[in-house]
Amino acid sequence: MVMPRFVRPKEGDSESSPNLYVANCGPAVGLQFDTIVSAFSSFGEVKGVYAADENGARVIVSFLEPASAHSAFIALNGRPCPHLGGRSLHIRHSILQPPSSRGMASVPVSLNASDLNIPGLYLFHDFISAVEEEQLLQAVDTGSWISLSKRRVQHYGYKFCYDTRNVDTKQHLGALPSFVSFILERISLSPDIPEKLDLDQLTVNEYPPGVGLSPHIDTHSAFEGLIFSLSLAGPCIMEFRRYTAGSWAPKTASISDTEVENPNSCSEVSRKAIYLPPRSMLLLSGEARCAWHHYIPHHKIDKVNETMIRRGSRRVSFTFRKVRRGPCQCEFPQYCDSQSQTWGGGFCCAT
């Protein structure tokens, strides 16, 4: 379901709107939507309550009648609401944004990779146990983090160079750490994994709440065809985008990875999304690895079907890859830096 979007009204239009933007109110501060509906219903019939943004502490309350919205505004703006735990609400009028001016709509979120019908995409739930998860987190927290603009990373095996979007095969950091040996063994013994590789590069990413990744394809010339990403500590939504060749290509990523591309003007794109719970292992192979951009929205709260899920205080990912020793000869030359001199969207940000 596509959520309606609201904007601040023009001067003089406030009292004609049945919608209110209400701050300090929402799931992030412990107030569920049905509780909010009940509190505002004393002013008139409420059509619905919607998340105003990804923050989770701001909502839109939509009344049936503008007069009801104005009465609630007069009574509650800047004042504690006894029906909402005494929270002081900050309210302004809001209007529905015209569909023609909206950006890309949200997409349904699947819980299983098979529902997305993307060749080469797999998701293994509970790939590790909660005890193993805690041991992995303790292990990396004793290591040395490299601080980027909005997240921290660790590299093992080979260091990923964000400036060149590649690895220097002459600078071997050593074998992968012993604390991931059981993961490598579990991968090698799994009958559900289509191909076996001697994985030799690991990037650990730590994401604070609200930090995601811009759309990207891991550089073809840097890594072989299987990429494994283990999610720890917190969940997230990952979106996959398949662009028609030539319709849109993302900008080159910088080390900060803070610039979020805006391909909303491109209509020739297929978009699908999946929920990645803690302890799940995502595998990108074939078409999913080589031709689909993957993207983590910069959200603090994700909407999974009809459920609002708040991201944890951190999300840590372990991304395992095999460094490529020669040019890529995949079936997707339009996305491959080894086969195309014009493609500029094959950057890797280590999911």
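Values below: all heavy atoms of this structure, side chains included; hydrogens, waters and symmetry mates excluded. From a predicted model like this one, the values you see are computed outputs, not experimental measurements.
Looking at every heavy atom in both residues, Val316 comes nearest to Val204 through CG1-CG1, 3.7 Å. In terms of heavy-atom proximity, Thr319 sits nearest to Ile227 at CG2-CG2, 3.8 Å. Residues Leu121 and Ala113 come closest through the heavy atom pair O-CB, 3.6 Å. The shortest non-hydrogen separation linking Phe63 to Phe40 is CE2-O, 3.3 Å. Across all their heavy atoms, His83 and Ala39 have their closest contact at CB-CB, 3.9 Å. Minimum interatomic distance between Asp302 and His299 (heavy atoms only, all atoms of both residues): OD1-ND1, 3.3 Å.
Proximity of Arg87 to Cys81: side-chain heavy atoms (C-beta onward) are nowhere separated by under 4.5 Å. Taking the side chain as every heavy atom from C-beta outward, Val22 and Ile60 never approach each other to under 4.5 Å. Put simply, the side chain of Asn19 reaches to within 4.5 Å of the side chain of Ser62, judged on heavy atoms. His216 places a side-chain heavy atom less than 4.5 Å from the side chain of His294. Using a 4.5 Å heavy-atom threshold, the side chains of Phe179 and Leu136 count as touching. You'll find the side chain of Phe320 reaches within 4.5 Å of the side chain of Val180, heavy atoms only. Taking the side chain as every heavy atom from C-beta outward, Asp198 and Lys322 approach each other to under 4.5 Å. Counting heavy atoms from C-beta on, the side chains of Tyr158 and Leu202 never come closer than 4.5 Å.
No donor-acceptor distance shorter than 3.5 angstrom exists from the side chain of Lys272 to the backbone of Ile274, with no hydrogens or angles considered. Although no hydrogens or angles enter the test, the distance criterion places a donor-acceptor pair under 3.5 Å between the side chain of Arg289 and the main chain of Glu224. Between the side chain of His298 and the backbone N or O of Gly212, at least one donor-acceptor pair lies under 3.5 Å. In this structure, Ser280 contributes its side chain and Pro277 its backbone to a donor-acceptor pair below 3.5 Å. Judged by distance alone, the side chain of Asn205 and the main-chain N or O of Phe318 form no donor-acceptor pair under 3.5 Å. Side-chain atoms of Ser110 never come within 3.5 Å of backbone atoms of Asn112 as a donor-acceptor pair (strictly under, hydrogens ignored). With hydrogens and angles disregarded, no donor-acceptor distance shorter than 3.5 Å links the side chain of Ser94 to the backbone of Tyr21. Side-chain N or O atoms of Ser285 include one that pairs as donor or acceptor with a backbone N or O of Gly120 at under 3.5 Å. Thr35 contributes no side-chain N or O that, together with a main-chain N or O of Leu31, makes up a donor-acceptor pair within less than 3.5 Å.
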>> Checking His220 against Tyr335 for the ring-ring contact (aromatic ring centres under 6.0 Å, His included) test, could you report, in this order, the C-alpha distance in whole Å, the side-chain angles of both residues, the deciding distance, and whether it holds?
In response: CA-CA 8 Å; His220 287 203; Tyr335 303 107; 7.7 Å; no
> Where do Arg314 and Tyr207 land on the side chain to side chain donor-acceptor pair (under 3.5 Å) test, with the steps shown first?
Replying inline: CA-CA 6 Å; Arg314 68 194 297 212; Tyr207 301 91; over 6 Å; no
>> For Leu84 and Leu89: C-alpha separation, side-chain torsions, deciding distance, then whether side chain to side chain contact (heavy atoms under 4.5 Å, CB included) applies.
In response: CA-CA 9 Å; Leu84 296 176; Leu89 306 179; 3.9 Å; yes
> Would Tyr156 and Thr203 satisfy side chain to side chain contact (heavy atoms under 4.5 Å, CB included), going step by step from the backbone distance to the final call?
Replying inline: CA-CA 6 Å; Tyr156 298 92; Thr203 294; over 6 Å; no
>> Does Gln154 form a side chain to side chain contact (heavy atoms under 4.5 Å, CB included) with Val140? I'd like the steps, not just the answer.
In response: CA-CA 8 Å; Gln154 294 181 18; Val140 294; 4.0 Å; yes
> Under the side chain to side chain donor-acceptor pair (under 3.5 Å) criterion, do Ser231 and Arg315 qualify, and how do the steps go?
Replying inline: CA-CA 7 Å; Ser231 293; Arg315 174 181 176 263; 2.9 Å; yes
> Does the pair Gln329 and Ser338 meet the rule for a side chain to side chain contact (heavy atoms under 4.5 Å, CB included), with working shown?
Replying inline: CA-CA 7 Å; Gln329 297 178 342; Ser338 290; over 6 Å; no
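Between the CD1 atom of Ile296 and the OG atom of Ser214 there is a distance of 10.5 Å, given to the nearest 0.5 Å. Taken to the nearest 0.5 Å, the OG atom of Ser190 stands 12.0 Å off from the CD atom of Glu185. Remark: Gln334 CD to Cys290 SG distance equals 10.0 Å, nearest 0.5 Å. Atom SG in Cys25 sits 9.5 Å away from atom CG in Leu76 (nearest 0.5 Å). Distance check, rounded to the nearest 0.5 Å: CG of Leu232 to CG of Leu230 gives 4.5 Å. Taking CG from Leu197 and CG from Leu226, the interatomic distance works out to 4.5 Å, rounded to the nearest 0.5 Å.
You'll find the ring centres of Phe73 and His93 inside the 6.0 Å limit. Aromatic pair Phe240/His293: ring centres not closer than 6.0 Å.
Among residues two or more places apart in sequence or in another chain, the side-chain contact (heavy atoms from CB on, under 4.5 Å) test is passed with Leu173 by His155, Lys159.
The cluster map of Ile, Leu, Val, Met, Phe, Trp and Tyr, joined by side-chain heavy atoms under 4.5 Å apart, puts Ile91 and Leu64 in different clusters.
No side-chain donor from either of Glu206 and Trp145 sits under 3.5 Å from a side-chain acceptor of the other. Donor-acceptor pairing under 3.5 Å is recorded for the side chains of Asp337 and Ser221.
Under a cutoff of 6.0 Å and an axis angle of 45°, Arg241 and Tyr295 form a cation-pi pair. Seen from the ring of Phe223, Arg324 does not count as a face-on cation partner, given the 6.0 Å and 45° thresholds.
Under a 4.5 Å side-chain heavy-atom cut-off, the cluster of Ile, Leu, Val, Met, Phe, Trp and Tyr residues that includes Tyr275 is completed by Val109, Leu111, Ile237, Val304, Ile309.
The stretch residues 124-137 participates, sequence neighbours left out, in these side chain to side chain donor-acceptor pair (under 3.5 Å) pairs: Ser129-Glu132, Glu132-Arg186, Glu133-Arg279, Glu134-Gln138.
Remark: Arg271 engages Glu239 in a salt bridge, criterion side-chain N to carboxylate O under 4.0 Å.
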